[in-house]
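Notes follow the structure.
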Amino acid sequence: MGLFNNIFGQPDNQNSDSSQGVQPEQAACKTEQELLERYGAIAFDKQMDFGEVIGDNNWNVDIGQGIISFGEDLTFPMQILGTFSHSSQTWLWAWANTQSNLPENIIRQSLQLKKYGEENGIDLLSTDTFDFSTEELHLIGMTASGMFDASGYYIADYGQGAMVVTVKSDTINQARTSDHLRIFTAFPQLISQFEVNHKNTFKNYLVFKGYQVTENENSVEGTQNGNSVIGEFDDLSRLTNLKG
């Protein structure tokens with residue numbers, strides 16, 4: 001279809017690099033689950049703001065310029081992570097998509113994820129293509145969004161498949177909700193949709209949001225600017241109470 005041709009157009013070297021380094025202060029993740037528990041909550045938090053910014057606008061991409069647009073007024077630099085085929089139910093990393101001749105400057109994050117996977121034994125990141133599902137695309141998006149401090153990720157469905165990209169923009173960042181109360185809505189929604197260790201995920205969430213964190217056997221407390229939030233957990237690390 002025409003849209004597919006537009007997505008994988010001719011390369012252009014004029015593009016700003018929106019990739020950033022992996023968080024250096026943390027020990028490397030060794031499994032897909034660890035990736036989700038580290039980056040899932042902060043990425044989910046950002047998606048709530050990103051969704052408010054782009055609204056219901058239709059999307060369009062320009063591979064040559066390395067941008068994704070939503071309507072006439074919202075244009076952001078992007079990084080392509082990979083594509084998902086609806087017919088074969090398979091994922092293909094952008095770094096492995098040699099047929100599309102994607103310019104390297106818009107697949108740098110996918111290349112960094114490949115390197116991370118090779119160094120830490122995470123097949124999800126280092127295997128070029130594999131069986132997947134549309135629901136699992138969020139794992140890819142959230143991992144990259146959190147790891148590279150993106151403003152958000154987007155799953156661009158073009159009919160025959162879907163492309164996952166990250167975006168970074170001051171416009172989106174300035175719309176971020178730093179309200180302390182965001183935690184009390186975002187975190188319960190995350191753990192209702194994804195199977196994670198609640199306690200580990202909550203602790204990582206608070207760290208990324210800049211809270212001072214105190215961890216006890218069955219609780220995690222975060223404090224920031226006079227505000228506090230306490231998550232209480234059972235012996236299986238499942239959230240039992242969230243208060244502040």
Side-chain angles (χ1 to χ4, degrees), residues 7 15-26 28-51 53-54 59 61 63 66-68 76-84 90-97 102-130 132-157 161-169 172-173 176 186 190 193-194 196 201 204-205 207-209:
I7 289 174
N15 176 67
S16 60
D17 177 17
S18 64
S19 68
Q20 299 214 358
V22 174
Q23 309 295 333
E25 71 279 2
Q26 295 178 300
C29 296
K30 300 297 182 181
T31 66
E32 298 173 22
Q33 191 67 22
E34 287 182 27
L35 290 171
L36 180 59
E37 291 174 4
R38 175 169 296 178
Y39 299 115
I42 192 62
F44 189 89
D45 187 311
K46 292 179 181 181
Q47 286 301 106
M48 298 175 76
D49 296 315
F50 182 40
V53 171
I54 64 176
W59 63 272
V61 301
I63 294 296
I67 58 175
I68 184 168
F76 310 119
M78 68 174 182
Q79 284 281 302
I80 300 175
L81 302 178
T83 52
F84 173 78
T90 55
W91 168 260
L92 176 65
W93 282 105
W95 53 261
N97 193 348
L102 298 173
E104 185 175 343
N105 56 350
I106 61 171
I107 64 170
R108 285 178 180 157
Q109 287 185 358
S110 76
L111 286 166
Q112 287 177 272
L113 288 170
K114 176 188 179 186
K115 184 174 184 290
Y116 191 95
E118 290 172 341
E119 292 176 346
N120 297 287
I122 304 177
D123 291 341
L124 173 73
L125 305 182
S126 58
T127 303
D128 55 359
T129 184
F130 41 83
F132 219 43
S133 69
T134 52
E135 292 77 13
E136 291 174 301
L137 294 179
H138 291 283
L139 171 59
I140 300 264
M142 289 193 295
T143 295
S145 176
M147 185 178 289
F148 300 111
D149 192 27
S151 303
Y153 69 91
Y154 191 73
I155 300 175
D157 194 309
M163 178 173 62
V164 182
V165 305
T166 61
V167 300
K168 187 151 189 173
S169 167
I172 305 171
N173 293 343
R176 288 293 310 278
L190 173 79
Q193 297 182 45
F194 298 93
V196 293
T201 305
N204 287 323
Y205 182 29
V207 169
F208 273 106
K209 287 181 73 71

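The structure displayed is predicted, hence computed values, not measured ones. Numbers here simply count residues along the sequence, with the first being 1.
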Going by distance alone, is a donor N or O of one side chain under 3.5 Å from an acceptor N or O of the other, for Gln79 and Ser110?
-> no
Can you tell if the side chain of [X] reaches within under 4.5 Å of the side chain of [Y], non-hydrogen atoms only?
X	Y	value
Lys30	Ile122	no
Leu35	Met147	yes
Phe194	Thr201	no
Glu37	Thr31	no
Trp93	Leu113	yes
Ile67	Val61	no
Phe208	Arg38	yes
Tyr153	Val165	no

Is a salt bridge present between Lys114 and Asp128, judged by a nitrogen-to-oxygen distance below 4.0 Å?
-> no
Presence of salt bridge, Arg108 and Glu104, under 4.0 angstrom | no
Considering all heavy atoms of both residues, which atom of Ile42 and which atom of Tyr205 are nearest to each other, and what is their separation?
-> N-CD1, 3.9 Å
Closest heavy-atom pair, His138 versus Ile155, reported as atoms and distance to 0.1 Å, is CE1-CD1, 3.7 Å
Can you tell me how far the CE atom of Met163 sits from the CG atom of Asp157, to the nearest 0.5 Å?
-> 10.5 Å
Spatial distance of atom CD (Gln112) from atom CG (Leu125) [nearest 0.5 Å] = 12.0 Å
For Lys115, look at atom NZ and say whether over 12 heavy atoms of other residues, nucleotides or ligands are found less than 6.0 Å away.
-> no
Using the ring of each side chain (for Trp, its six-membered ring), is Tyr154 parallel, tilted or perpendicular to Phe50, with breaks at 30° and 60°?
-> perpendicular
